[in-house]
Amino acid sequence: VADPSRYRPLGLVGTAGVIAAEGAPGSTQPSPAEAVGSLYAGFQPLLLRQVVFGTIKFVAFEAGVETIYEALPELRGSAAAGLAVSAAAGAFAGVLSSTVSQPADSVLTYMSLQKEEM
């Protein structure tokens, strides 16, 4: 999938078909189970990464909002201030969750590349 010029004209369904048709390394014609399995080969690491990222982002956002409102209680009544508080807390949560989940992404990518080389 690293070659956009090959897959872009195929679209999503066409690209999924190509990936499914490739099957397991070394096999000539994948079975239906191998074809479907190849589409979901990276699902578990992706799910793990998303759970970590989402959890940290949610907790950090809530903590950021509460911290801002505790420090500046006069902001609670204004809709514009509420939007600014949400934006600031969201930015903080995004940076924090990306920073925390990046090492896990690197490890998962490294493990995936090692598995392909075997």
Side-chain angles (χ1 to χ4, degrees):
V1 180
D3 183 13
S5 64
R6 177 180 176 196
Y7 295 103
R8 185 174 292 125
L10 300 175
L12 177 64
V13 174
T15 301
V18 170
I19 292 169
E22 290 174 355
S27 68
T28 55
Q29 182 65 26
S31 69
E34 287 177 328
V36 171
S38 67
L39 292 175
Y40 291 95
F43 184 70
Q44 185 177 9
L46 175 67
L47 186 62
L48 177 64
R49 186 244 185 233
Q50 287 302 109
V51 166
V52 170
F53 180 83
T55 302
I56 292 170
K57 192 168 184 177
F58 178 75
V59 170
F61 176 80
E62 291 299 320
V65 167
E66 287 303 315
T67 301
I68 292 170
Y69 280 138
E70 285 176 8
L72 303 165
E74 62 274 6
L75 297 178
R76 285 198 187 267
S78 169
L83 180 61
V85 168
S86 291
F92 165 73
V95 168
L96 181 64
S97 57
S98 294
T99 302
V100 170
S101 67
Q102 178 58 36
D105 288 347
S106 298
V107 170
L108 291 173
T109 301
Y110 178 79
M111 290 172 53
S112 176
L113 291 174
Q114 294 301 316
K115 185 187 281 186
E116 289 177 7
E117 291 176 2
M118 293 181 165

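On a predicted model such as this, the values are computed, not experimentally measured, just so you know. In what follows, every heavy atom counts, from backbone to side chain, and hydrogens, waters and symmetry copies are set aside. Just so you know, residue 1 is the first one in the sequence shown, and it goes up from there.
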Are more than 12 heavy atoms from other residues, nucleotides or ligands located less than 6.0 Å from atom CG of L47?
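Counting other residues, nucleotides and ligands, CG of L47 exceeds 12 neighbours.
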Within the supplied structure, the quantity of interest is the number of heavy atoms (other residues, nucleotides, ligands) at a distance under 6.0 Å from E74 CD; does it exceed 12?
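Yes, enclosed.
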Between T55 and V52, is there a donor-acceptor pair closer than 3.5 Å when you use the side chain of the first and the backbone of the second?
no
Quick check: is V51 connected to F53 through a chain of hydrophobic side chains (ILVMFWY, heavy atoms under 4.5 Å apart)?
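No, F53 does not connect to V51 through the hydrophobic network.
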Any chain of hydrophobic side-chain contacts (each under 4.5 Å) joining V59 to F61?
no
Could you tell me the separation between the CZ atom of F43 and the CG atom of L48, rounded to the nearest 0.5 Å?
11.5 Å
State the CZ-OG1 distance between F92 and T67, to the nearest 0.5 angstrom.
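Result: 7.5 Å between the selected atoms.
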Could you tell me which non-hydrogen atom of [X] sits nearest to which non-hydrogen atom of [Y], and how far apart they are?
X: P103; Y: V100; value: CD-O, 3.3 Å
X: K57; Y: A93; value: O-CB, 3.4 Å
X: G64; Y: A89; value: C-CB, 4.0 Å

Only counting residues at least two apart or in another chain, list the ones meeting side chain to side chain contact (heavy atoms under 4.5 Å, CB included) with V95.
T99
